[in-house]
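Some notes on the structure that comes next.
Atoms within each ligand, like the ligands themselves, are counted from 1 in listed order.
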Amino acid sequence: MSKRPSISFAKFAAVENGTAVLLLASEGKVAGEAESVVGQALLSRIIDVSDFKGKLAASLSTLAPAGTELDRLVLVGTGDPAELKADDWLKLGGSAFAKIGKAKHVSVVLALPEAEVSGENAADFALGILLRAYSFDKYKTKKGKSDDEGKEEKSSAKITILVADPHAAKKAFANAEAVAEGVNLARDLVNEPANILGPVEFAERIEELKKLDVKVEILDPKDMKKLGMGSLLGVAQGSVRPARLAIMEWQGGKGKEAPIAFVGKGVTFDSGGVSIKPAAGMEEMKGDMGGAAAVTGLLHTLATRKAKVNVVGIVGLVENMVDGNAQRPGDIVTSMSGQTIEVLNTDAEGRLVLADALYYCNERFQPKFMVNLATLTGAIMVALGVSRAGLFSNDDTLAAQLFDAGQATGEKLWRMPLGPDYDKLIDTKNADMKNIGTRFGGAIIAAQFLKRFVGDTAWAHLDIAGTAMGAPATEYSQSWASGFGVRLLDRLVHDNFEG
Ligand code: BES
Ligand code: MN
Ligand code: ZN
């Protein structure tokens, strides 16, 4: 992660120099605290000569505003303040941050006309800043020059957020900061190219979570062979880089209480294997570990904010390559569950990795539920586009909890069907199942495949192929890797499973 702004909270006070950020509601209304900074006359004039109408997350920057000692005045639109949702506060923060430019000292007057701004709102605004400030620039050797990501300057500004209850804001911000770290960690992992981040290196990054009192265990191919993980290992055998299975445990709940579990697809590069992918766009497959990155980022967040819950995170880390020893179409492998799989397409590898990871997780931990995340199918993008991830589940309660967390965080989901009609499409003459079905309904067929490895445990599969990477930039994400899943699942845990 790049240079990071520092954020603090304080009570309302006069803002006389530096950069001032004010919220402006629809029809140009501002709170009294904001009006006292520059006066209604100047605000009206700015509104008159611009098209700025206070639309949600729209913004406007005025340099050296007349009659003040300010360097810069930034107005951020809120739309109708009564309509603001949690996710909108992130947009406001991101939007504001984008406009502060080179400013070193920034004061944000976080007040709205005819509406309260809670500590939670202020923390979400700050989270929006921290997420917007992220950029993956470690391989830019000429910092501060032309930047492909946009014209924004990197900022290490000191930002003071003036708010009615700074104490409450500070408290909520401790959690928000933990969330920002988790999201930005997931982004870093996904953005990292595959020559630098293979299964071994990914596992090493996971070991760093030990500093946060997360228990970490790493299995190597010998361990996995002993466990009978023929499905995962079949994918890995075409790469000179050995596979890893990482197990993370955070014990923040009662000693004996069964954990909740998150499982991630961690294909550090997906060439397709012998069923090789077309050259165009193949570079994007460095991000085929977005599920594993989200699980890692989530564990980082939960441990940092000392979540009161027992959590297990498991990620299957492999590289899917073409090689003399690579798996062939038609090969039959035996999974840890004992079920055999005819591999008809080596590019449908994510499900092969997850089959063993899910089964292992269920057997060893008997969790309350398992949620797996995977950049699993191109088909989910055909179905849902890139603004919602696919949600598949055998449990209506869990599905509803996930859906709600999605609406609240803006990491939105849409439930997709499962059923015997789809399940039978992966039956085959030669083994218990095959790893592909028919051309249509590809995302559902992949989900049916996973379902065969979770037993009766409550389970949900999130197909994040469209949302984890390459999704369009937003007010608070300018990164190719979005970090999708961390905020969603932190919210799921916070709202349903802590005490
Ligand atoms: N990793 C891909 C899915 C993917 C595609 C993720 C585009 C992100 C962007 C996955 O391993 C894959 O190759 N799936 C195949 C399955 C097919 C062979 C049944 C696909 O979606 O084409
Ligand atoms: Mn693939
Ligand atoms: Zn893949």
What is the name of the N/O/S atom in Asp288 that sits closest to the Zn ion (ligand 3)? OD2

Tell me which N, O or S atom of Asp270 sits nearest to the Zn ion (ligand 3). OD2

Tell me which one of Lys277, Met285, Met289 gets a heavy atom nearest to atom 13 (O) of ligand 1. Lys277

Would you sort out whether Glu192 and Lys138 count as a salt bridge (charged side-chain N to carboxylate O under 4.0 Å, His left out), showing the intermediate values? CA-CA 10 Å; Glu192 197 70 61; Lys138 64 192 277 203; 2.7 Å; yes

Min over Ala465, Ala468, Ala374 of heavy-atom distance to atom 6 (C) of ligand 1 lands on Ala465

Need one value: angle at the Zn ion (ligand 3), Lys265 atom NZ versus Glu349 atom OE2, rounded to 10 degrees. 90°

If I take atom CE from residue Met321 and atom OG1 from residue Thr268, how far apart are they, to the nearest 0.5 angstrom? 8.5 Å

Proximal ligand 1 atoms for Ile436, defined as those under 4.0 Å from one of its heavy atoms: 19 (C)

Tell me whether ligand 1 is touched by Lys265 - counting only heavy atoms on the residue side and a distance under 4.0 Å. yes

Nearest neighbour in protein (non-hydrogen) for atom 22 (O) of ligand 1: Gly378 N, 4.6 Å

Would a search of protein heavy atoms around atom 1 (N) of ligand 1 find one under 4.0 Å away? yes

Can you confirm, on distance only, whether ligand 1 has an N/O atom lying under 3.5 Å from any N/O atom belonging to Asp347? yes

I want to confirm something. Looking only at heavy atoms, which of Glu349, Arg439, Arg351 is nearest to atom 16 (C) of ligand 1? Arg351

Do we see a donor-acceptor contact under 3.5 Å between the side chains of Asn362 and Thr457? yes

Return the CG to CG distance between Asn191 and Asp137, rounded to the nearest 0.5 Å. 10.5 Å

Does ligand 1 have an atom that lies less than 4.0 angstrom from a heavy atom of Leu376? yes

Checked the Mn ion (ligand 2): protein N, O or S atoms closer than 2.8 Å come out as Asp270 OD2, Asp347 O, Asp347 OD1, Glu349 OE1

Geometry only, no angles: is Asp270 polar-contacting ligand 1 at N/O separations under 3.5 Å? yes

To the nearest 0.5 Å, what is the distance between CG (Asn121) and CG (Leu84)? 7.5 Å

Met469 heavy atoms, cut-off 4.0 Å: which ligand 1 atoms fall inside? 8 (C)

Got a second to check how far Met289's CE is from Phe269's CZ, nearest 0.5 Å? 12.5 Å

What distance separates Glu284 CD from Lys277 NZ, expressed to the nearest 0.5 Å? 10.5 Å

Answer with yes or no whether the side chains of Arg452 and Tyr359 bring together a donor and an acceptor at under 3.5 Å. no

Parallel, tilted or perpendicular for His461 and Trp459, by the 30°/60° rule? parallel

With the threshold set at 4.0 Å, does a side-chain nitrogen-carboxylate oxygen contact exist between Asp88 and Lys91? yes

The atoms of ligand 1 lying under 4.0 Å from a heavy atom of Thr375, numbered in the order shown, are 1 (N), 2 (C), 3 (C), 6 (C)

Nearest neighbour in protein (non-hydrogen) for atom 18 (C) of ligand 1: Asn345 ND2, 3.5 Å

Does a salt bridge link Glu201 with Arg241, judged by any charged N lying under 4.0 Å from a carboxylate O? yes

Is there a donor in the side chain of Thr409 and an acceptor in the side chain of Asp87, or the other way round, less than 3.5 Å apart? no

Have Gln237 and Asn325 got a donor and an acceptor in their side chains that come within less than 3.5 Å? no

Between Val267 and ligand 1, which residue portion shows a heavy-atom distance shorter than 4.0 Å: side chain, backbone, both, or neither? neither

Between CD of Glu181 and OG1 of Thr301, what distance do you get to the nearest 0.5 Å? 7.5 Å

